[in-house]
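One structure coming up, written as structure tokens, with questions to follow.
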There are 2 protein chains.
Amino acid sequence: MSQDSLHAAAIEPNSPKTLAENAYLQLRHDIVTGKHRPGSKLRVEHLKKQYQVGAGTLREALLLLVTDALVTVQGQRGFRVAPISLDDFQDITRVRTVLEAEALALSIAHGDEVWESNAVAAFHRLTRVEERLHQGDVGFDEWEARNRAFHSSLLAACPSRWTLHFLSILYQQSERYRRLVLGNPTVPRDVHAEHSALLEATLQRDAKTASRLLVHHIEKTLEVVRLLPADSFGE
Amino acid sequence: MSQDSLHAAAIEPNSPKTLAENAYLQLRHDIVTGKHRPGSKLRVEHLKKQYQVGAGTLREALLLLVTDALVTVQGQRGFRVAPISLDDFQDITRVRTVLEAEALALSIAHGDEVWESNAVAAFHRLTRVEERLHQGDVGFDEWEARNRAFHSSLLAACPSRWTLHFLSILYQQSERYRRLVLGNPTVPRDVHAEHSALLEATLQRDAKTASRLLVHHIEKTLEVVRLLPADSFGE
DNA sequence: TAAACATTTTTTCTCGAGATTTTTTTGTAC
DNA sequence: GTACAAAAAAATCTCGAGAAAAAATGTTTA
């Protein structure tokens, strides 16, 4: 886990070196993708076989997930997958729009040329994977990773560590809901065009337009999630 | 640890039942009060004697502190007390004002009579402890606890779980800096009057005034911290 | 002297087994 | 059939010892 980044979710860059980190990453993926259902119990005795680690190590992995608010822990009563709900996603979206609009404005104000080119590069990589996604050559995981990288690159020049820390948590939470939409019929939407316009406004240092586009982009996903059947969030 | 509250810091209400929670609470206190210096290493082998628990249990306590961003962890390199700096506190203050102003406005919009009376009661308890504090009958810990309870009571009706979650983290971080001011000569300030005016505006449902007073209240502490000698944050 | 390497010491990480607590099941009375 | 109590089962929590890694120390060489 890196020290400069406050967030445990920022482990990835350095390949995981401990078994606990490894189990953490696997568990996180399985929770975000819904393999472990929201609200369900996470029994250490059962999971240690699945993830091939000892009980103590698995507990550490679960404790790391508490930092991401993907798992809740209750003394003497074990661990649970954090529940999801439409209310929760509305709250996530609201807080995210507030923080992300501010973070983007700050990033635009502080960003240099390196920041600019990193954003362009991230957009390019995202575009490429989108093409392959349409052809079925590549999985959603890969798109999700590059989508995150793109959004992250836009905010990279924001000097507020705490804003970025909270946003990384909220972004990851949002991913749970984005995955929910995958199989379902969705409203027509051109995500690529949204990203493209967002990048353009950002590069032109038009903070107001960029923030507005970003907020709209985030809220659009909420609209889509709202259309899901009511039983999509648990059962 | 409670489940409805997302934040590990919300353990207190239920008296700690596991040794790990107990060690967590003690460690947290010792970090917030500066007994373990910012940036210093937290060696498990050494601490387990101090807190009278096994290595695994102590690691769990430290992992819980990572959730509060009071401790950082780095794979294969152990735990450290999260560092502090003026820059960090400026960031904390900025994000706090944004979130707290919004949370208070929401709380005022949603609060009922029970919420009102709880706020009045919390203010009363804070006032009482202030009297005894001046007489030296009671320690700063007690004042700090009731100060937190008062501020928490104001926001209690805010329906945004995530805003409250992040604020509870930021509030706890702020406490580290407030403790720094304790011994030092400080600018003249009537905290009681600030609280009083804040409560009044809140009870009158004047969201605009209340938020303004709250932001001012929070920023005032930043001014005080700014006056500290430069070597106050580490060394 | 400074850098490169090998050795020792310290610290972190990991596991499995036992103690404690919670949950479930079973049994009994009303 | 319901309510309550006791026993059994399951799960969590805790510890100490050993394996793996990092840091510190000492030695050699240019």
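A note on names: the letters A, B, ... follow the listed sequences, proteins ahead of strands, and every chain is numbered from 1. All figures in this text were calculated on a predicted structure; none of them were measured in a lab.
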Let me know the distance between NZ of Lys48(A) and P of dC13(C), rounded to the nearest Å.
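Those two atoms, NZ and P, are 20 Å apart.
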Return the value, rounded to whole Å, for the distance between atom CD of Glu45(A) and atom C1' of dC13(D).
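Rounded to the whole Å, the gap is 11 Å.
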Nearest to the Gln76(B) side chain among dT14(D), dC13(D), dT12(C), which nucleotide is it?
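Out of dT14(D), dC13(D), dT12(C), the nucleotide with an atom closest to Gln76(B)'s side chain is dT12(C).
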Lys41(A) vs dT12(D): side-chain N/O to OP1/OP2 distance below 4.0 Å:
yes
Taking only N and O in the side chain of Arg59(A), is any of them less than 4.0 Å away from OP1 or OP2 of dC13(D)?
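So the side chain of Arg59(A) is within the cut-off, an N or O lying under 4.0 Å from OP1 or OP2 of dC13(D).
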Can you find a pair of side-chain heavy atoms, one from Glu21(B) and one from Leu25(B), that are under 4.5 Å apart?
no
Whether Asn118(B) side chain and Ser153(B) backbone form a donor-acceptor pair below 3.5 Å
no
Atom CG of Leu19(B) and atom P of dA19(C) are separated, to the nearest Å, by 15 Å
Test: Arg176(A) cationic atom under 6.0 Å from Phe89(A) six-membered ring centre, within 45° of axis:
no
Please state how far atom CZ in Arg77(A) lies from atom C1' in dT24(C), giving the value in whole angstrom units.
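My rounded result for the distance is 15 Å.
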For atom NZ of Lys17(A) and atom P of dA19(D), their distance in whole Å
23 Å
Rounded to the nearest Å, what distance is computed from the CD atom of residue Glu21(B) to the P atom of nucleotide dT14(D)?
8 Å
With respect to the side chain of Val53(B), which nucleotide from dT14(D), dC15(D), dT14(C) is positioned closest?
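For Val53(B), the side-chain atoms sit closest to dC15(D).
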Of the candidate nucleotides dC13(C), dT14(D), dA11(D), which contains the atom at the shortest distance from the side chain of Arg43(A)?
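So the side chain of Arg43(A) is nearest to dA11(D).
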Could you tell me how far apart Asn22(A) (CG) and dC15(C) (P) are, to the nearest whole angstrom?
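Going from CG in Asn22(A) over to P in dC15(C) covers 11 Å.
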Report the distance from atom CG of Leu70(B) to atom CD of Gln173(B), rounding to the nearest 0.5 Å.
5.0 Å
Does a side-chain N or O from Thr18(A) land closer than 4.0 Å to OP1 or OP2 of dT12(C), or not?
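Checking Thr18(A) against dT12(C): no side-chain N or O falls below 4.0 Å of OP1 or OP2.
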